Structures are given as structure tokens and as C-alpha cells.
K.L.:
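Mind looking over this structure? Questions follow.
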Amino acid sequence: MELWQSFVGLVYESIPWLDGNIAAIIIILVKAVALIMPLLLTVAYFTYAERKVIGYMQLRIGPNRVGPKGWLQPIADALKLMTKEIIFPSKANIYLFLLAPILAIAPAIAVWAVIPFDEGIYVTNLDVSLLYVLAIGSIGVYGIILAGWASNSKYPLLGALRSASLLVSYEIVIGFALVTVVMIAGSVNLNTIVADQQGGMLNWYFIPLFPMMIIFFISALVETNRAPFDVVEGESEIVGGTHVEYSGMTFAVFFLAEYANMILMAVLAVVMFFGGWHSPFEGVPYLEAVFAWVPGIIWLLAKSTFFMFLYLWVRATFPRFRYDQIMRLSWKVFLPMTIVWIFVVALMTQLHIGPWFA
Amino acid sequence: MELLSLLIWLPILGGIFVILIGNDRADTARWVSVAISILVFVISLSLYTEFDSTTHLMQFEEKASWISQFNIYYHLGVDGISMPLIILTTFSTILVLAAGWEVIQTRPAHYMAAFLMMEGLIIGVFSALDAILFYAFWEASLIPMLLIIGVWGGDNRVYAAIKFFLYTFLGSVFMLVSLIYMYNKGGSFSILDMHNLSLTATEQAWIFWAFFMAFAVKVPMFPVHTWLPDAHVQAPTGGSVILAAIMLKMGGYGFFRFSLPITPDASLEFSEIVIILSLIAIVYIGFVALVQRDMKKLIAYSSISHMGFVTLGVFALFLAYQPGAAEGALLGLEGAMVQMISHGFISAAMFLVVGVLYDRLHSREISTYGGVINSMPKFTGFAVLFAMANAGLPGTSGFVGEFMVILGAVQANIWYAVLAGTTLIVGAAYTLWMVKRVFWGAITNPEVSTMSDLNAREFSILAVLAVAVIAMGIYPQPVIEVMQVSIEHLLNQALVSKL
Amino acid sequence: MVSLSDYLILSSVIFCIGLVGIFINRTNIITLLMCVELILAAVNTNFIAFSHFLGNEAGQIFVFFILTVAAAEVAIGLAILTLLFRVRGSIDVDVTNSLKG
Amino acid sequence: MLENYLPIVVFIMLGLGFGAGPMLIGYLLGPSKPSEEKNSQFECGFPAFGDSRMYFNVRYYLVAILFILFDLEVAFVFPWAVVQSQLGWFGFIAISIFLFILVVGFIFEWKNGALEWE
Amino acid sequence: MPEIFLLSAIVVVLLLDLFLTKPFKQVTYYLTQASLLITGVLAFSLMGEPQTIIFGGSFILDNMASVFKVFMAGSTMVAMVYTRHYLTQHSLFRGEYFVLVMLAVLGMMVMISGYSLLTLYLGLEILSLSLYTLIAIARERAGAVEAALKYFVLGAIASGLLLYGMSMIYGISGSINITDIANFATSANLASRETLILNFGLVFLVIGIAFKLGAVPFHMWVPDVYQGAPTSVTLFLSTVPKIAAVAMLVRILVDGLGAMHAYWADLFMVLAVLSIALGSVVALMQTNIKRMLAYSTISHVGFIMLGFVTGVVSGYGAAVFYVLVYILMSLAAFGMIILLNKKGFEADQISDFKGLSKHSPWFALMMLVIMLSMAGVPPFIGFYSKLFILQQVISAGFVTIAVIAVVFAVISAYYYLQIIKSMYFEDGDTQRTITAPMDMQLILSINAILILAVGLFPDFWMKLSVSLF
């Protein structure tokens with residue numbers, strides 16, 4: 001933190017002709033770079049991890065040719081995608097066609113502006129950060145719809161429709177699930193929500209909101225088109241869905257967005273339900289002291305990593321759901337459940353149950 | 001129930017009763033309705049017998065709060081002007097109902113009921129002393145007439161019915177506006193209060209013309225008379241009779257009751273215009289009648305011409321009046337009244353005559369007939385009598401009214417009188433020419449020879465009318481007597497400036 | 001600082017765009033709906049700007065309800081459009097011409 | 001207050017840039033040899049047939065409409081959720097009525113088969 | 001409060017209808033009627049209570065609200081009686097129909113009692129949304145869907161304009177409560193800029209309200225919607241919502257911006273005269289009776305607005321009286337059209353009335369009464385409503401307007417006569433019989449007779465209308 005402050009001071013001093021706004025923008029840019037670069041790196045190596053992990057789960061090795069143990073595989077993939085031809089389908093609406101990937105990735109990156117990594121470490125602290133997350137998150141649908149529409153081809157359109165209905169269905173569920181979080185925290189500021197979970201694992205929200213946590217996690221899988229809910233791509237049915245007509249970097253951008261979203265969802269799950277930057281050992285007599293040195297951000301990343309791993313695990317484990325099953329799950333199972341749970345939480349609040357509703 | 005209310009509501013309720021009897025029991029319906037109409041007539045006679053002809057005040061008054069929001073009262077009453085018209089109404093209704101006895105075969109009960117209701121409504125018009133009540137009856141009486149023309153009329157009945165309705169409706173809404181205006185000014189819808197309402201010259205002018213629209217259409221006066229030939233021709237006989245005998249009188253009555261007393265100054269100012277219009281009606285329409293081939297149309301035009309005398313008589317008073325000698329003016333007014341009543345008898349009779357012919361041969365064309373006297377001598381007798389009356393032959397009621405009006409007009413301007421007098425010639429011309437072509441001469445149309453003479457019902461109807469026409473022609477005094485005082489009062493109202 | 005009149009000008013510009021869009025658009029009903037939404041957006045801007053500068057939340061609450069109603073309206077509007085498409089096979093403005101006097 | 005939103009704007013710009021930039025790079029680096037075959041729309045191995053702007057199931061509309069409604073309900077619940085612990089039983093009852101009506105609508109849809117997906 | 005009861009009833013009926021099997025579908029209808037009845041009774045029981053404003057100034061309970069609600073519940077019940085016949089004849093009988101109607105009624109009640117811009121707007125939208133859906137309930141009829149769409153689009157625009165006006169009023173007065181707005185508008189020291197903005201908002205409000213009322217030049221939806229919608233919906237939408245629209249008008253323009261009367265009265269006068277003129281003239285050319293009645297409605301709306309031009313309590317009362325009368329007549333008129341419907345036969349042409357007097361003289365007579373009443377012929381109630389309005393207009397000094405109004409009233413009489421003509425003067429091609437159930441025939445007869453009966457004794461209703469202000 002001190003380092004940061006001095007850096008800011010340095011910027012202001014060294015470039016005296018800057019007025020406040022530009023300086024602020026520069027500072028933000030620096031922050032952004034500090035945030036996005038690791039993010040991209042994570043994405044890159046998440047793909048690698050995915051192939052590796054699933055490979056091991058299926059008793060194979062996974063990528064192992066490029067670099068030692070295949071470490072350079074993501075780099076190679078990126079280079080390959082970069083040098084591929086970008087095909088513009090003849091019937092496509094070029095502008096929308098190109099706008100679609102941009103709309104897909106922009107929210108995936110913009111959301112990160114409000115994510116709290118540790119106490120006081122964030123790009124910006126909005127009072128309505130959770131609403132911001134939800135709002136920006138739902139823009140992603142446009143990318144998919146536009147992609148399907150602009151391609152002017154059957155499979156993308158089908159994929160887009162499916163995807164859009166799935167996304168919106170689960171968005172409602174996520175919305176309701178997060179309502180319960182807000183009810184306990186009494187705030188829609190992510191920082192406050194995390195801060196409210198202070199005091200050991202028992203105070204994390206996943207305990208009173210266990211069903212909601214499950215629902216959130218499953219919905220996150222759907223929202224990111226992950227297996228077993230990846231009917232949108234559904235290679236065997238609609239040969240890749242929305243992305244059929246995309247090639248080269250246009251496709252890569254979608255890809256990037258998808259993985260960035262996955263990471264985001266993992267982080268959100270941690271922030272919402274697993275105490276964010278708080279150490280799991282808070283309040284535990286001995287361990288607390290032992291792990292006191294670990295910065296909050298590490299805890300956050302560690303927990304997130306677990307969830308990211310969970311994604312891969314789930315993918316390797318479950319067969320794909322049918323489309324109607326997924327829809328039914330959201331409307332007929334999750335939605336009633338969340339509404340009921342809202343009542344439950346409200347009642348618990350009014351009756352002051354447990355440590356969470358004091 | 002008071003007498004006037006009884007006169008109004010008995011026929012209306014009777015009409016509903018007749019409807020309930022239904023078309024299937026036609027004869028019952030006929031008998032019941034004639035019975036009701038006779039009953040009403042008898043009751044209405046007591047208006048005459050108990051009438052106090054020494055006062056101009058309203059008699060048989062009834063007053064009950066009706067719409068207190070606007071101080072509207074259910075206010076009835078008659079004076080010497082309205083009373084004879086009421087009796088004329090009740091009298092004519094009997095004739096009409098009797099005349100429609102077998103002629104009307106489609107929906108007879110409804111036909112009878114319509115006339116009964118209309119009778120009640122028209123009596124309401126003549127006896128209402130509250131402007132809105134008057135207006136309500138005035139408009140409501142259009143409805144049965146509309147149906148009578150439209151349902152039982154001739155080939156072109158739809159056009160005629162709607163034209164009739166819209167003309168009169170259009171005219172009367174202006175009256176409504178001016179009534180409301182006066183209400184807002186004076187705070188009362190009572191006609192008698194309106195008589196005393198002081199109005200500026202401009203207001204009077206506007207109100208006068210508004211009233212004029214309503215009444216002139218009804219009378220009908222020259223430029224707005226065109227509905228009448230259509231309506232008369234297309235209406236069934238009974239409808240024509242009621243139209244001519246009574247409905248036209250509503251317009252004349254309006255002039256008496258509203259225009260003169262409420263807007264005396266405007267009436268004075270515009271009297272020349274009205275007189276000229278009346279003269280046009282009398283002369284020009286007379287000539288129009290001359291060229292008609294359709295008997296009903298001819299009579300219709302002659303009605304317009306005759307009603308011209310009414311308006312002439314009314315508005316001549318302003319010119320005829322000389323200070324200290326109100327005789328001329330009074331004569332004109334009285335003449336107008338008498339003319340209205342007598343025209344009620346005569347035109348009814350004329351239409352009935354045509355109706356009788358029409359029943360026989362289903363044609364109203366003059367050319368269809370010829371030599372009717374050969375097959376229908378009794379009928380021809382009546383017909384000729386009525387034709388004479390229509391032409392204004394002395395000794396018939398027609399003469400009395402026209403003569404009085406002309407006398408009044410002489411006082412006003414000799415040329416008016418001369419012009420009006422020409423109608424005696426023109427009227428004689430068209431009536432007698434018609435009579436000649438229809439009744440005299442050889443039978444050209446073989447069907448004419450098959451026509452049967454009057455049956456008892458027709459005979460009695462025409463006989464009653466003949467008696468009335470002659471009685472009034474020879475001895476009009478009873479009629480004039482009852483209205484004398486009221487008309488003198490009206491004259492005073494008309495001559496006293498409100499400014 | 002952004003002043004109230006700036007907001008009002010913005011909103012009136014949006015409003016006018018919406019209104020003009022409605023009147024000159026003669027082809028597509030969806031566009032019509034979007035223009036309506038523009039009008040509502042202008043209204044919302046107005047309300048929020050006023051609310052902010054008056055320091056009175058009523059305007060914001062109002063906006064909340066307007067949004068809801070707008071959503072319900074869109075839901076119904078789309079449903080009707082779907083129906084129209086079914087019976088007519090098109091959603092052009094031109095097809096809505098069977099009702100004439 | 002408002003300056004907290006500056007980073008948001010910057011991030012959105014960055015996000016857009018991260019979309020556009022790589023594509024531009026790809027366009028510059030990659031070859032560009034379009035051919036009619038290559039640019040034709042995708043079909044499983046045979047020439048494309050029919051209009052790709054095809055009719056689709058009305059249920060997609062239904063989902064969209066339901067989404068609009070429910071998402072708004074969520075939006076309504078959020079403000080309440082923030083302050084619900086301070087509102088006490090009044091807030092509880094109020095939201096109960098609200099959710100009750102929502103649930104009634106939900107049941108209505110369910111019974112009408114709006115949620116069935118064949 | 002009746003609203004709360006009605007809302008619960010809606011929920012109950014909605015749910016119950018879902019679980020009713022086919023043979024019991026009529027239960028929905030009877031429940032609807034019962035709910036409306038109880039709602040009406042509840043509203044009636046509130047009559048005479050002193051005026052109270054609740055919910056932080058956004059809801060008002062006064063005599064006007066109660067009377068309107070009672071009237072509304074009553075006329076909706078009547079409408080439902082007619083509707084049932086129509087729905088069964090055309091296989092449109094669905095539970096949702098009744099629920100939607102009740103929702104619309106609920107919306108209207110909120111409009112009537114709304115005392116802040118927000119509640120008024122919400123009520124309006126509950127009403128409008130229900131109506132859009134109701135119109136489109138005949139899904140397979142192109143005309144109905146088209147009508148729904150037109151109504152929807154124009155209604156949405158109108159709402160937008162109304163809202164824009166509301167936002168301006170809110171911005172300048174700082175409150176959405178009518179009470180506060182009224183206080184603001186009456187405060188003596190308004191800067192000219194403030195007056196200007198109030199006026200600016202006012203114009204939009206007037207446009208919005210005129211849209212909802214269907215006044216020229218914002219009437220475009222009226223004929224199409226009336227013609228396209230299923231007759232039972234037309235019946236409902238042409239009648240009851242007019243009360244609510246007038247109530248909203250009263251709340252906003254009279255209660256709230258009464259001080260600005262001089263400004264909006266001018267607008268109203270133009271709208272009113274245009275409506276009367278156009279409604280009367282264009283109706284002449286119609287062959288579709290629903291469309292004709294639509295234009296006739298426009299002209300009636302003109303008369304209603306004239307009542308508000310006067311700017312005095314009795315003038316407003318006249319307008320209210322006119323509305324109530326109009327609803328009575330319109331209910332009966334559309335009831336008559338529905339009466340002629342038979343299985344699969346949609347009676348909506350004037351020629352469908354041909355020969356009615358032959359095979360059903362009673363209903364022909366009723367229709368005669370209705371039409372003449374609409375034309376404003378005494379002694380039917382329509383005359384007194386026109387009389388009241390004219391009296392007020394003349395008393396406010398607008399004699400010319402009154403003359404114009406009556407002239408067009410005469411013109412409009414022509415098309416009412418067209419129906420009378422069809423019924424009485426022309427013979428039908430085919431013999432048609434009335435298949436409607438007895439309850440409908442009975443209610444329709446009572447409805448029509450009321451037109452005469454109230455016409456004979458209008459005093460109570462006039463006094464009641466005036467007493468509401």
C-alpha cells in the first residue's frame with residue numbers, strides 16, 4: 001500500500017503539467033495493466049490447466065510438446081490464432097459481426113474494476129458494485145446474440161438463441177441468489193460484503209446460504225457455457241453454436257471472454273460466499289497465528305483457484321445435460337428455491353438467528 | 001292526477017299498453033286505442049268547458065319540481081292559445097286512429113301506439129310551461145313521427161323520415177341554446193319568467209333567430225319547407241294528417257308562446273323579413289302547388305301556403321298596430337290562431353280524402369283518377385266541400401282565418417293584403433282544378449269505376465270533419481272567444497318594448 | 001460540474017429523437033417500440049436529474065416504477081408483435097392496414 | 001463520489017480495446033485470401049439451403065418476456081434486501097405480499113405450460 | 001379498501017381458474033361477478049366518509065372516488081354479463097379474460113384514487129396493459145391483433161408524453177403529490193420561468209390525457225381499436241375506462257393544476273371542438289357499427305371535455321354526469337351489438353340490424369332508445385347530459401362553442417338514425433333470432449330502460465355529479 005501511495009505521489013510530482021484528471025487516468029491505467037495482464041496470463045494458463053487436468057483425470061498426459069511439459073502451449077496457441085485468417089462470411093453483417101466479440105469481452109474485463117482483492121485493494125470502490133457486476137455481466141448476452149445474428153447462418157443463430165435463453169434464465173436465478181447475500185450483508189458493495197464475512201469460516205455466507213451457494217455455482221457454470229451445460233456450443237449438435245463462423249482472432253476473443261468470465265465467476269463465488277480475502281483460519285486458535293502473515297489477496301486467489309479447479313473437475317465428470325433439462329432446472333427448481341430462500345433468510349433476519357443475523 | 005297530466009300520460013301509457021297487446025291481437029289493439037283516444041278527447045273537452053276565458057293567466061296549472069339542478073319544473077298549464085290546440089290534437093287523433101283501421105295491416109298495434117304516444121307528447125308541447133319540458137316534448141314528438149313515416153310510409157319513406165327528423169332537430173337545437181342562454185341570464189327555465197326577462201337588442205336578435213330556426217322549420221316557412229312535401233307524401237295517411245293538422249301548429253304555437261313575448265323588439269325589427277317570407281310561401285308555394293300531379297304533394301304545398309297566413313298574421317301585427325287602435329293587430333293574431341285551427345281540420349280532411357282514394361287504387365296521381373263522382377258520390381260530396389274550404393270559400397272555416405289575417409294585413413300594408421289575397425285565387429285554382437280532374441269528368445281509368453263508396457267508418461270520420469269545418473266557418477265565435485283575452489295579453493307583451 | 005439544464009437538454013434531445021423517430025418511421029414496428037423506449041429514457045433522465053438537484057427521492061422511485069412498467073409494456077408489446085407475425089407473416093407497419101373506415 | 005466511476009469508464013474502454021485490438025492484430029498478421037466457398041455460410045458439408053433467418057420457436061420469446069419480468073422483480077427486491085434488517089416486520093410483510101403476487105404469476109405461468117420446454 | 005379486496009380476489013380467481021376443469025369454467029365468471037359486487041359494496045360503504053389522503057399523500061379517499069368506483073364496479077358487472085354471451089358464442093371463454101378485466105378495474109380504481117403522479121401513472125398502466133392484452137385475446141383474428149398493436153403503440157407513446165409532462169411538473173414543483181403540486185401552482189409568487197415550465201409540462205399532460213380519452217387529434221387509435229377488438233372488449237374499453245380517464249383528468253388538472261385552468265382550458269376547448277366535429281362528421285361514412293360508435297365516442301369525449309373548459313364546479317359536474325350517462329348508453333349500445341352475435345357470427349355491421357324490429361321488436365325499441373339517447377333527443381338521458389354541458393358552456397360565455405356543438409350534434413344524429421333506419425325501415429336478408437341467454441336479455445333491457453328512466457328523473461344524478469367536487 002505504501003508503495004502504491006509513493007508511486008502515485010511520484011507520478012504527480014514528476015509530471016507537473018498533468019492536471020488531476022489525466023493523472024488519475026494514468027493511475028487507473030497502471031492499475032488496469034497490473035490487473036489485466038495477470039488476468040490474461042491466468043486465462044492462458046487456465047486453458048493449459050484445463051487440458052492438463054482433464055488429461056490426467058482421463059489418464060492421459062495432455063499437452064506436453066511445446067516447451068517443457070507443454071508449458072509454452074498457450075503461447076503457441078495464441079500465436080497460431082493470431083496468424084490465422086479472419087473469415088468474413090459473405091452473408092454476414094460485418095459491423096455487427098465484429099462488434100459481437102468486442103461486446104463479449106468488454107464486460108468480462110470491465111467487471112474487474114470493482115472486485116476487491118484485499119482490504120483496500122481494488123481499482124474502485126463503488127457503493128453499488130454488486131449491481132454493477134450484474135449489470136455489466138448481462139451485457140455479455142448481447143455479444144452472443146449479435147454473433148449468432150450477424151453471422152447470418154443457421155447454426156450460430158440456433159446457438160445464440162439457446163445461449164441467450166439460458167443466460168437470461170440463469171441470470172434471474174443468480175440475481176435472486178445474490179439477493180440473499182445482500183440481505184445478510186445489508187449492502188451491495190462488494191467490499192462491505194466481504195468485510196461482513198469477517199471472523200472465521202463460520203461467518204462466511206455459504207453456511208446460511210448453502211443452497212444459494214450451490215445454485216450460484218451451478219448457474220455460474222451455465223452462464224459461462226461450461227460443461228455439463230455447454231449446449232450452446234454443443235459440438236455434436238450445432239457444431240460450435242455461436243462461434244461457427246468465427247475464425248482466428250475473432251474466435252480467440254470469444255474464447256478469451258469465456259475464460260475471463262469463468263475466472264470472474266470463481267472470484268465472485270469466493271467474494272460472495274467464501275469470505276473473499278479473509279483467511280479461513282480466523283478465529284481458529286492456533287492456526288490463525290500461523291497463517292497471519294498470508295496476505296488476503298493470496299487467500300482470495302487460493303479459494304478462487306479451488307473453484308476454477310472445480311470447473312474442470314465438473315467438466316471431466318458429468319455428461320452433458322439436455323437443453324430442456326437445463327431450462328427446467330432454472331425455472332422449476334432454482335427459481336422457486338431462491339424465492340423460498342429469500343423468505344427463509346428474511347425470517348431468519350427477523351428472528352435474529354445465528355451469528356449471521358445478529 | 002291533474003287534468004293536463006292525465007291528458008299527457010293517459011295516451012302515452014295507453015300506447016305502451018297497446019304495444020303490449022301486440023300485433024297479433026290487432027283488432028283488440030285497434031279498439032283499445034280508439035277507445036283511449038276517445039276517452040282522451042272527452043277529457044280534453046272538459047278543458048274547454050271549464051275554461052275561464054276572462055283571464056289570460058294560465059289555467060289548470062300544475063307545478064312540481066323536476067330537475068332542481070336547473071330549477072326545472074314539471075310545470076303545465078293552458079291559456080286561450082294552447083287550449084284549442086290541445087283539443088284539436090285530441091280530436092284529430094281519434095280521426096287518425098279510425099282512419100288507419102284497416103288500411104294499416106303491418107304491425108297495427110305499433111301504429112296505433114305510436115299515434116297515441118305522439119298525442120300525449122304533443123299535448124305536452126302545448127301545455128308545457130317550462131322551457132325544457134317544452135323542449136323535451138317537442139323533440140320527443142319527433143320520434144313517433146319518424147317511425148310512422150319510416151315504417152308505414154311510401155316508397156321513399158326512409159329519405160323522407162330522416163329528412164323530416166334532421167330538419168326539425170337542427171332547427172330546434174338552436175332554440176335549445178337560446179333557452180339555455182336565457183336560463184343563465186334569468187335563472188329560470190319557466191316560460192313565463194322568460195316572458196319577463198329583460199334582454200338587450202342584440203340578445204333578442206340572436207334569440208329571435210334561434211327560435212325562428214326552430215319554429216320556421218316546423219311551420220314550415222319558405223326556405224326551410226322542403227322537408228314537408230317529402231314527409232307528407234311518404235307518410236301514411238294518418239301520419240300526414242297529424243303532421244299537417246297538429247305538428248305544423250307546433251311551429252305556429254312556438255311563435256305565439258316564445259318569439260313574440262320573449263323577443264318583442266327583435267320580432268318588431270325583423271317582422272318585415274318574416275312577412276316577406278310568409279308572402280313568398282303564400283304566393284310562390286301556391287303556384288308550386290298548382291303544378292303538382294301528386295295529390296298529396298299538392299295538399300302539402302297548399303299546407304305550406306296556408307301556414308304562411310299564420311306567420312303573416314302573427315308578424316303583421318307590428319305593422320298593423322296603431323296606438324289606440326289595436327284592432328288590426330289583434331285581428332291578425334286571432335286570424336292566425338283561427339287559421340291554425342281551421343287548417344287543422346281542413347288539411348286533415350284533405351289528407352283523409354286522398355287517403356280514401358289511395359286505399360282504393362293505391363295511387364296518388366291526379367291523372368289516375370277522373371270521374372270518381374260516378375262511383376263514389378257520397379265521397380265526392382265531402383271531397384268537394386273540403387276542397388272549397390281549402391280554397392277559402394266563405395262559410396267554411398278556411399275563409400274565417402284567412403279573411404281575418406288579410407284584414408290584419410290590410411292594416412299593415414295594403415300590398416301585403418293584396419298579395420295574400422291572391423292566394424284565394426291561386427288556392428281556388430289548384431284545389432278546384434284538382435277536384436275537377438279527379439272527381440268530375442268521364443272515367444278514363446277503368447279501375448275507377450270499380451271503386452266502392454265510403455264505408456261507415458270513413459263516412460263518419462269525414463262527416464265529423466265536415467261538421468267541424470262548416471261550424472267553424474259559420475260560427476267561429478266560441479273559438480275566438482276563448483282565445484280573445486290571451487291574445488290581447490300576448491299583443492300587449494309583443495308591443496311593449498323590453499329595452 | 002454537470003448542471004441541471006445539461007441533463008434537461010440531453011433528455012429533451014433524446015425525447016425529440018424518440019418522437020421524431022416515431023413519426024418518420026413507417027416501416028418497422030420494433031423501431032417504433034425502441035423510439036418509445038427512448039422517450040421513456042428521456043423521462044427517466046428528467047426525473048433523476050430533477051430528483052438529484054432537488055434532493056428528493058420521489059423522482060428516483062418514480063423512475064423505478066417507470067422502468068418496471070416499461071418492461072411490462074415491452075413484454076406485452078413483443079407478445080402482440082409475435083401474434084401479429086403469426087397472423088400476418090410480417091411485422092411491418094404496412095401490414096397493419098386491415099382496419100379502415 | 002462520481003470520481004469512483006472514472007475507473008469504470010476506463011475499464012470499459014479497455015475492455016472494448018481488448019476486443020478490438022486482438023482482432024486488428026489478427027487481421028494484420030493473418031493472411032487474407034477470401035474465396036466464395038470459404039466465405040459461404042456454414043452447413044454440414046452441402047451448399048446452404050433455406051433462409052438462415054428462419055422462424056424459431058416462440059418459446060424463446062416467452063423466455064425473453066419472462067426474463068424481463070423476473071429480472072425486474074429482482075431489481076425491486078434488491079433495494080429492499082439492502083435495508084431489510086432495519087425494516088423489521090413491516091418490510092417482511094411488504095415483501096411477502098410482493099413476492100406472493102410474483103409467485104402467483106409464477107404459478108400461473110407454470111400451470112399454463114409457459115415453463116415447459118419440449 | 002375495495003382495491004385490496006379486489007386484488008385478493010384477482011389472485012384467488014387467477015389461481016382457481018388454473019385448477020378448474022372444463023365443466024366448471026363458468027365458476028370463474030360467477031366469482032368475477034361476485035368479486036366486483038363486493039368491491040362495489042365496499043366502495044359504497046365508503047361513500048360519505050370525509051376526504052382522507054393516505055399513503056404519504058399518494059392515495060385519496062373521497063366521495064368522488066367512492067361514487068366512481070361503485071359506478072365502475074356496476075358497469076363492469078353489466079359489461080361482464082354481455083361479455084359472457086359474446087365469449088361463449090366465439091369460443092373465447094377463458095379465465096384470463098375475467099382476471100384481466102378485474103385487473104383493469106383495479107388499475108382504474110387506483111387511477112380514481114391516485115393522488116400522486118406516481119399512483120395515477122401506475123393505475124393508468126395497470127389499466128392499459130390489461131387492455132392491450134384483452135384486445136389481443138382473440139389471438140387468431142388479424143383485426144384484433146392489429147388493433148391491440150395499434151392501441152399498444154399509441155398508448156405507449158401517450159404514456160411517454162404524459163410522463164414527460166409529469167417529470168416537468170415534478171421538476172418545477174418538487175413533488176409528485178397532487179396536494180403539493182396544487183399548493184405550488186396556487187402560490188402567488190410564481191416566477192414567470194416557473195409558470196413557463198409548468199405550462200410546458202401541462203401541455204404534455206394534456207396531450208397524454210387527450211390520448212387516453214381519444215380526443216382529436218389524438219384519436220387515431222379509437223376507431224381501429226373499437227373495430228378490431230372483440231366486441232366484448234370494445235364494450236368494456238369504450239365504457240368504464242372513460243370514468244377513470246376523467247378521474248385522472250380531475251386529479252391532475254383540476255385538483256393539482258386547477259390554478260392553471262386558464263392555460264389548459266384553451267387547449268381543451270380546441271380539442272373538444274375538434275373532437276365533436278370530427279367525431280360527428282367521419283362517423284357518417286361508416287358501415288361498421290363498432291367503428292361508427294368509435295367516432296361517436298370521440299364526439300362524446302368532445303362534450304365531456306367541454307365540461308372541463310368551463311372551469312367551474314358545476315361544469316366539472318356536468319362533465320362527470322356526461323361520462324356516467326355516456327357509459328350507460330355505450331354499455332347498452334355495445335350490449336345490443338353483442339346481443340346480435342351468434343355462434344361464429346360476428347355482428348358488427350350496421351346492416352346486421354336490418355329488420356330487427358320485425359323479429360325482435362322489443363330490442364329494436366331498446367336500440368331506438370339507445371340511439372336517440374346518444375343523439376341527444378329528449379326525453380332520454382343523453383339529452384340531459386348534453387343540456388347540462390351546454391348550459392355550463394353557455395354560462396361560461398362560450399355561446400359560439402355551444403352552437404357549434406349542437407350543430408354537430410344534429411349531424412351526428414344522422415348516423416344514429418342510420419341504425420334506426422336499418423332496424424325499422426329495412427328488412428333483413430335473413431331471419432335472425434336472438435340467442436342470448438335470459439340474464440343478458442334482462443340486464444340489457446334494464447340497461448336500456450334506465451336510459452329512459454334516468455332521463456325522466458335525472459335530477460338525482462346531476463346533483464350527485466356536481467356534489468363530487
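Computed from a predicted model, the values in this text were never measured in an experiment.
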K.L.:
Checking an interface table here. Which of residues 63-78 of chain D come within a heavy-atom distance under 4.5 Å of chain C?
P.N.:
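Residues in range: D/Ile65, D/Ile68, D/Leu69, D/Leu72, D/Ala75, D/Phe76.
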K.L.:
Does OH belonging to D/Tyr61 count more than 12 external heavy atoms closer than 6.0 Å?
P.N.:
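Not buried by this count: 12 neighbours or fewer within 6.0 Å.
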K.L.:
Is there any residue in residues 93-108 of chain D with a non-hydrogen atom under 4.5 Å from a non-hydrogen atom of chain C, and which ones are they?
P.N.:
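Interface residues of residues 93-108 of chain D: none, nothing closer than 4.5 Å to chain C.
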K.L.:
I'd like to know whether CD of C/Gln60 has more than 12 heavy-atom contacts from other residues, nucleotides or ligands below 6.0 angstrom.
P.N.:
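Counting neighbours around CD of C/Gln60, more than 12 heavy atoms of other residues, nucleotides or ligands fall under 6.0 Å, so yes.
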